[in-house]
Amino acid sequence: MAERSTAAVDVADNSGDKPLAAKADKATADGVDTQNGRAADGPMTEKDGERTPAAPAAAPELHSGHKLARRYRLEECVTRVDGFSSWRAMDEKLRRAVGVHLLPADHPRARSVLAAARSSALLGDPRFVQVLDAVEENDLVYVVHEWLPDATELTALLAAGPLEPHEAYQLVSQISQAMTAAHREGLAHLRLTPSAILRTSTGQYRIRGLAVNAALRGITSETPQRADTEAIGALLYAALTQRWPYENDAYGLTGLPKGVGLIAPDQVRAGVHRGLGELAMRALANDGATASRQEPACTTPEELAKAVAAMPRIRPPEPAFTAPPEYQHTTYQQGSYGRPTPGTPPTQSVTAVPPPPPPPPLNSRTGRALKWGVAALLIAALGLGSWQLADTLLRGNNGGSGNSGSNQQTEPTDAPKEIKPGKPLPIGNATVFGKEPIKAEDADKAVDRNADTAWVTKVFYGYANFGNLDSYDDGSGIVVDLGSVQDVAGLDVDLYAAGHKVEVRAASPEASSARSLSDFPHEVVKPSTTGKDLKTTLETPVKTRFLLVHITALPSDGSGAYRGGIKEIKVLGTAE
């Protein structure tokens, strides 16, 4: 159930007569969503826009085990509503869980859903849950997206209580910056609700359903930037107060008192951070509220992001340290070693343990023999050392005078020969390494002997280590399969750009497959930041079938974005 709550897209209707607690549970479990406290899929006009009603259409009647494109196996239906359904599925090609939206090809929203999914996929921003595929096939339209089982919905976080100031600051900062980037590319969300926001275990917030959620419901807006900005303000307000900033209850949160309008967060809950409360009011001013302290209202995500950046930085709380246990005196420090314990009655005493007797002196016959034996050994060792020193000096003099003979051969005859790499070894197969392989279909471009093609990663923001995302905490790279165990004497790797942090590792000769980092125990090239080319000759050939060119950090383009890749890998054998 936890997996469904973090990866399902908010697609269902939550109207009905169930009590609020029941609705909150359903929102967490099934991704149920409302918009500003109203039923999201009810027959009413959406705020700052309108919702296009769908013609009666039955959701595709599929079942668990059905396979799409001979690749995506449906496992669990998360939602079935309004002519479409959402599923948790398994990508059997890449062996990972994915989410899938399904609707009939003749559904009135099918074309707009396809267009929205393809536009969202082109953005490629890791701050959004990525669209992986958008296909029309066999009278079906389906959209495949990432599934994040280890992330937590904002709905669940708010159910536990309001967020502390630093966490709320991170929420509004990351979400506003991400939506600024989306709107620059002409993409709006229009469904920014607590169930659309996921928090990863590393503290990053990711947004799901960009453009696609609104297209599935037929929602449009004449002022999309204003609508998304107000939605971010509502999220910040809820994070500070654990109250929904509208009269109706929603997402398991109690709404504001009826008839009083929108009131400042610090009037709802004591101890609210003053700057963040004013920021929430400036974003929510789009709904008719008066901006706090006469500051101008924020009407676009970019204005909101700039307002957040202008605030004094809110530091995380200091970690709480538990007090160490009270110091316990040892028995020795209490003075009981060989002496009476302080609380012992005078009539009682503690008997001291007598020290062990010293070893007997070496004055006996055996002792004298032992001393003479040691002395003889020392004399023999000194004589042998002197003889070796003299012999070495004589050899050096003979070599310097030009005399011929065996004394001239000072190098040992069994010295290892210098290893020279030979021709490139044939490569049987190449795969992308990592928990979540990046562009697995392009792996062969790194070994196709064509410098004009390359395996290139996605663009990551903020952190060189693949955006500091859990899915890529093992880095990425290319695993080369030589087809059989070979003697590897050198490597020649042409990288996508200079500035990668790379290492090369080898699997054990007996390994029949290698996928995880632990399968490559032998370090061939130590981790280092390289130029555009990585060339190395090994002192000793390595016997292996599998080699991993492991990238742990990507080069920057100078604007806070990171991207890398590999153009060509050549594995060199030994020269004959």
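Predicted model only: the values in this text are computed from it and were never measured.
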#### Entry: Closest non-hydrogen atom pair, A430 against A443
O-CB, 3.5 Å

### Task
Please check if atom CG in D139 has more than 12 non-hydrogen atoms from other residues, nucleotides or ligands closer than 6.0 Å.
no

### Query
Are any of the side-chain heavy atoms of D442 and V456 separated by less than 4.5 Å?
no

### Query
If you look at every heavy atom in G255 and D249, which pair is closest and at what distance?
N-OD1, 2.7 Å

#### Entry: S173 side, atom OG; I232 side, atom CD1 - distance, nearest 0.5 Å
10.5 Å

### Message
Between K93 and E441, does any side-chain N to carboxylate O distance fall below 4.0 Å?
### Response
no

### Query
Is the NZ atom of K501 crowded by more than 12 outside heavy atoms at less than 6.0 Å?
no

### Message
A side-chain contact here means heavy atoms from C-beta on lying under 4.5 Å apart; do L192 and M179 qualify?
### Response
yes

### Message
side chain to side chain contact (heavy atoms under 4.5 Å, CB included), that's the test. Do L132 and R96 meet it? Break it down for me.
### Response
CA-CA 12 Å; L132 306 175; R96 63 178 179 183; 3.5 Å; yes

### Task
Kindly indicate whether the side chain of W87, heavy atoms from C-beta on, has any atom under 4.5 Å from the side chain of S64.
yes

### Message
So does I438 get a backbone contact from the side chain of W455, meaning a donor-acceptor N/O pair under 3.5 Å?
### Response
yes

### Message
Contact between L548 and L517 at the side-chain level, heavy atoms closer than 4.5 Å - yes or no?
### Response
yes

### Query
What's the verdict on side chain to side chain contact (heavy atoms under 4.5 Å, CB included) for I219 and R191, showing C-alpha distance, side-chain angles and the deciding distance?
CA-CA 9 Å; I219 298 172; R191 297 286 296 174; 3.4 Å; yes

### Message
What's the separation between atom CZ in R226 and atom OG1 in T300, rounded to the nearest 0.5 Å?
### Response
12.5 Å

### Side-chain ion pair, D82 and R109, N-O less than 4.0 Å
yes

### Task
Mind checking the CG-OG1 spacing from L256 to T241? Nearest 0.5 Å is all I need.
7.0 Å

### Query
Just wondering, do T254 and R243 contact through their side chains at under 4.5 Å, heavy atoms?
yes

## Note on the structure
Rounding to 0.5 Å, atoms NZ (K445) and CG (D452) come to a distance of 11.5 Å

#### Entry: Exam field: side chain H189 to backbone R208, donor-acceptor pair closer than 3.5 Å
yes

#### Entry: Side-chain donor/acceptor of S476 to backbone N/O of F433, under 3.5 Å
yes

### Query
Which heavy atom in K67 sits nearest to a heavy atom in R71, and how many Å separate them?
CG-N, 3.4 Å

### Task
Compare every heavy atom of V524 with every heavy atom of A506, then report the nearest pair and how far apart it is.
CB-CG2, 3.7 Å

### Message
Contact between P126 and L469 at the side-chain level, heavy atoms closer than 4.5 Å - yes or no?
### Response
yes

### Message
When you compare the side chains of N468 and T202, does any donor N or O come within less than 3.5 Å of an acceptor on the partner?
### Response
no

### Query
Is there side-chain contact between V502 and T552, with at least one heavy-atom pair below 4.5 Å?
no

#### Entry: Worked check of side chain to side chain contact (heavy atoms under 4.5 Å, CB included) between L68 and L140
CA-CA 10 Å; L68 300 171; L140 285 176; 4.3 Å; yes

### Message
Quick check on R515: does its CZ atom have over 12 non-hydrogen neighbours (other residues, nucleotides or ligands) under 6.0 Å away?
### Response
no

#### Entry: Side-chain donor/acceptor of D91 to backbone N/O of A97, under 3.5 Å
no

### Task
Nearest 0.5 Å please: distance from the OG1 atom of T431 over to the CD1 atom of I478.
7.0 Å

### Summary
Across all chains, not counting sequence neighbours, the ring-ring contact (aromatic ring centres under 6.0 Å, His included) partners of H183 are none

### Query
Shortest non-hydrogen contact from Y461 to A561?
CE2-CB, 3.9 Å

### Task
Determine the sole option in Q174, Q170, E167 for which the side chain to side chain donor-acceptor pair (under 3.5 Å) test with Y205 is passed.
E167

### Short side-chain to backbone donor-acceptor contact, E146 and Q130, under 3.5 Å
yes

### Query
Between the side chains of T229 and Q225, is a donor N or O closer than 3.5 angstrom to an acceptor N or O?
no

### Query
Is there a side-chain contact between H101 and L216 (heavy atoms, below 4.5 Å)?
yes

### Query
Salt bridge or not for K435 and D473, using N-O below 4.0 Å?
yes

### Summary
Distance col, row L235:CG vs W244:CH2, nearest 0.5 angstrom, shows 5.5 Å

### Task
Work out which heavy atom in P245 is nearest to a heavy atom in L284; give both atom names and the distance.
CB-CD1, 4.1 Å

### Query
Counting only N and O atoms by type, is there a donor-acceptor contact under 3.5 Å from the side chain of E164 to the main-chain atoms of H166?
yes

### Task
Could you tell me whether a side-chain N or O of Q242 sits under 3.5 Å from a main-chain N or O of L253, the two making a donor and an acceptor?
no

### Task
Flag the pair F460 / Y562 as yes when their ring centroid distance falls below 6.0 Å, and as no otherwise.
no

### Query
For the side chain of R269 and the backbone of L240, is there at least one donor-acceptor N/O pair under 3.5 Å apart?
yes

### Message
Determine whether Y142 and V144 satisfy the following criterion, side chain to side chain contact (heavy atoms under 4.5 Å, CB included), listing intermediate values before the conclusion.
### Response
CA-CA 7 Å; Y142 58 90; V144 183; 3.9 Å; yes

### Task
Check whether any side-chain N or O of R505 sits under 3.5 Å from a backbone N or O of F520 as a donor-acceptor pair, and report yes or no.
yes

### Query
Do any N or O atoms from the side chain of Q204 and from the backbone of G467 form a donor-acceptor pair under 3.5 angstrom?
yes

